[in-house]
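Below you'll find the structure, written out as structure tokens, and then a few comments.
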Amino acid sequence: MKYMSIGCLLVVIFARMAVAEPVLGTWVTSVDDGGYSHIEMSYCGENICGVVKRTFNNEGETDSPTKGKTVVIDMVPQGGGVYKGKVWRPSNDKIYFGRIKVEGDSMALHGCIAGGLFCAKRTWTRLK
């Protein structure tokens with residue numbers, strides 16, 4: 001029984017690796033309130049989250065209090081490079097309904113209120 005459980009776990013791990021999500025990796029945010037960040041998108045349980053790894057302003061890299069914070073929260077893959085979850089905007093400390101659409105090295109991230117009636121869009125690019 002023990003070996004069957006280990007075998008099942010390995011199948012799940014390898015299946016996840018074989019179907020890598022296009023959103024995984026490091027992304028450069030668009031400029032917002034005079035700064036931008038590098039966000040590492042990775043698995044957080046079964047969903048995908050984005051954590052601030054580096055922050056910058058017009059003078060260079062900064063030591064922002066947002067480093068290490070999760071800004072993309074529990075994005076659920078919908079297929080075709082689309083994800084739905086939540087996003088946190090540090091400048092106003094608000095959490096929004098979020099939607100991501102990845103196309104190649106470009107990511108459109110939408111943060112919405114009122115059930116999606118009002119949305120703001122940011123475009124991020126993949127860090128190479």
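Positions are given from 1, in the same order as the sequence printed here.
Side-chain polar atoms of Thr55 and Thr62 form a donor-acceptor pair below 3.5 angstrom.
Residues meeting the ring pair (Phe, Tyr, Trp, His ring centres under 6.0 Å) test with Tyr96, sequence neighbours left out: none. With sequence neighbours excluded, the residues satisfying ring pair (Phe, Tyr, Trp, His ring centres under 6.0 Å) with His38 are Phe56. Partners of Arg126 under the salt bridge (Lys or Arg N to Asp or Glu O under 4.0 Å) rule, at least two apart in sequence or in another chain, are Asp105.
Counting heavy atoms from C-beta outward, Trp124 and Val28 have side chains that stay 4.5 Å or more apart.
Of all heavy-atom pairs between Val23 and Met41, the closest is O-CB, 3.2 Å. Annotation for Ala108 and Lys121: closest pair CB-CE, 3.7 Å, computed over non-hydrogen atoms. Of all the heavy atoms in Gly81 and Pro22, the pair that sits closest is CA-CG, 4.0 Å. Of all heavy-atom pairs spanning Lys101 and Gly80, the tightest one is NZ-O, 2.8 Å. Residues Ser91 and Asp32 come closest through the heavy atom pair OG-OD2, 4.4 Å.
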For a quick test of your reading: what N or O donor-acceptor pairs under 3.5 Å do the side chains of residues 64-78 make, sequence neighbours left out?
from, atom 1, to, atom 2, distance (Å)
Ser64, OG, Thr66, N, 3.1
Ser64, OG, Thr66, OG1, 2.9
Gln78, NE2, Val76, O, 3.0

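Cluster annotation: Leu127 and Ile48 are assigned to distinct hydrophobic clusters (Ile/Leu/Val/Met/Phe/Trp/Tyr, side-chain heavy-atom contacts under 4.5 Å, transitive). Tracing side-chain contacts under 4.5 Å through hydrophobic residues (I, L, V, M, F, W, Y), one reaches Ile95 starting from Ile100; they form part of the same cluster. In the hydrophobic clustering of ILVMFWY residues, with side-chain heavy atoms under 4.5 Å counting as a link, Leu109 and Tyr43 come out together.
Asn57 places a side-chain N or O within donor-acceptor distance of the main-chain N or O of Gly60, the cut-off being under 3.5 Å. Counting only distance, with no hydrogens or angles, the side chain of Thr125 and the backbone of Ser106 share no donor-acceptor pair below 3.5 Å.
Distance OG/Ser30 to OH/Tyr36: 12.0 Å, rounded to 0.5 Å. Remark: Lys86 NZ to Asn47 CG distance equals 11.0 Å, nearest 0.5 Å.
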Checklist entry - After noting the C-alpha distance and the side-chain angles of His110 and Val87, does the key distance pass the side-chain contact (heavy atoms from CB on, under 4.5 Å) rule? => result CA-CA 8 Å; His110 295 82; Val87 293; over 6 Å; no
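For residues 46-97, every residue pair satisfying the disulfide bond (SG atoms under 2.5 Å apart) rule, not counting sequence neighbours, is listed here: Cys44-Cys49. Pairs of residues two or more places apart, or lying in two chains, never qualify as ring pair (Phe, Tyr, Trp, His ring centres under 6.0 Å) while including a residue from residues 64-89.
When each of Glu40, Lys53, Met107 is tested with Trp27 by the rule side chain to side chain contact (heavy atoms under 4.5 Å, CB included), just one qualifies, namely Met107.
A salt bridge is absent between Asp63 and Arg54; no separation between the charged side-chain nitrogens and carboxylate oxygens falls under 4.0 Å.
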